[in-house]
Amino acid sequence: MTIDIRPLMPAFAGEVFGIDLTRPLSTAEAAALEAGMDTYAVLVFHGQNITDEQQKAFSLNFGELENTAGGNVTKTGQQRLGAFMADVSNLDANHQPLARDDRRRMFNLGNQLWHSDSSFRAIPAKYSILSGRIVVDKGGRTEFADMRAAYDALDTKTKTMLEDLICEHSLLYSRGTLGFTDLSEAERATFKPVPQRLVRVHPVTGRKSLYLSSHIGKILGWPTPEARMFLRDLTEQATHKRLTYKHAWKQYDLVMWDNRTTLHRVTRFDDTKVRDMRRTTVAGDAPTVEQMAA
Ligand code: OGA
Ligand code: MN
């Protein structure tokens, strides 16, 4: 089989045909997908009835797996899935939908804010690989926005102004905007803010992109209200409909995205219904602040 990638609308998302992700990939297949990711940034696969083990094996073609610890408020021992599987479902360890007032549910509602996965970690994620094991037919779509196009659309003056800005990212900030502040001292310590550049350069293509996220709460050296207002405007422009691809899930779809160049969010859905989504995350290789000023 040969891999065939066809552009979706807009064309930073591509639909992939001619590959079975449950089997080990050849070196050529892995290279073709990585090249596809560099060109597109979001790749969509259909009909991939994959197990957790197969999903982890597939993900390892692109780098190390990121540890899921520190990304949510689910206590050790309460997890539904094994190591390296990020549970993006609305389910508890017994596969039942979480109660309306369950703090894990309220925390996870933050996935409806535009974000880049793990931008709150000192070394943020490279790719996310999300498998739709049980999907809902109304809402629960995943929207993506292209931060390369968003950067390109800025005027020269703005580009120059943003070039060397450093932002602070934390789950405390994204959840704080939802009024979710019920956190223990240990959780607050885990969610300690980290610095990230606002403009990133893709290591392979050299293209610049905006590194936005609802996890941002500060721009270093700026008054906080000014920073938040500015970032709110910038995010609004960067996620304009013309720059977004909205994925309507079918069971066993698998979607892979580059967190260095895209934002995403899930749309609201009736979460008394089961939505079983499982994510593996390919770790990044360096803090963005180490990236040389371009
Ligand atoms: C994620 C995420 C959105 C969704 O997996 O990182 O934000 O559609 N998921 O569940
Ligand atoms: Mn996410």
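Both ligands and their constituent atoms are indexed starting at 1 by order of listing.
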Looking at [Y] and [X], is any side-chain nitrogen of the basic one under 4.0 Å from a carboxylate oxygen of the acidic one?
X: Arg207; Y: Asp152; result: yes
X: Arg265; Y: Glu143; result: yes
X: Arg278; Y: Asp52; result: yes

Given Pro124, which partner from the list His215, Arg260, Glu66, Arg200 fulfils the side chain to side chain contact (heavy atoms under 4.5 Å, CB included) test?
Arg200
Heavy atom to atom 7 (O) of ligand 1, shortest distance: which of Glu143, Gln112, His264 holds it?
His264
Give a yes/no verdict on a cation-pi contact between Arg197 and Tyr211, requiring under 6.0 Å between NZ or CZ and the six-membered ring centre and an angle within 45° of the axis.
no
Between the main-chain N or O of [Y] and the side-chain N or O of [X], is there a donor-acceptor pair closer than 3.5 Å?
X: Glu187; Y: Ser184; result: yes
X: Ser116; Y: Ser213; result: no
X: Lys208; Y: Tyr151; result: no

So if I count the atoms of ligand 1 from 1 in the order they appear, which ones are less than 4.0 Å from some heavy atom of [X]?
X: Asn111; value: 7 (O)
X: His115; value: 7 (O)
X: Leu130; value: 4 (C), 5 (O), 9 (N)
X: Trp257; value: 1 (C), 5 (O), 6 (O)
X: Val266; value: 3 (C), 4 (C), 8 (O)

Between Arg279 and Thr281: side-chain donor-acceptor atoms closer than 3.5 Å
yes
Verify the distance criterion only: is there a donor paired with an acceptor across the side chains of Asn259 and Ser128 at less than 3.5 Å?
yes
Suppose the cut-off is 2.8 Å; how many protein N/O/S atoms fall inside it around the Mn ion (ligand 2)?
3
Can you tell me the protein heavy atom closest to [atom] and the distance?
atom: atom 9 (N) of ligand 1; answer: Val88 CG1, 3.5 Å
atom: atom 6 (O) of ligand 1; answer: Arg279 NH1, 2.6 Å
atom: atom 8 (O) of ligand 1; answer: Thr142 OG1, 2.6 Å
atom: atom 10 (O) of ligand 1; answer: Arg275 NH1, 2.8 Å

Are any of the N/O atoms on Asp117, whether in the backbone or the side chain, positioned under 3.5 angstrom from an N/O atom of ligand 1?
yes
Within the 4.5 Å heavy-atom criterion, are Val42 and Val255 side-chain neighbours or not?
yes
Quick check: do Leu33 and Ile3 have side-chain heavy atoms less than 4.5 Å from each other?
yes
For Trp114, which part has a heavy atom under 4.0 Å from ligand 1: side chain, backbone, both, or neither?
neither
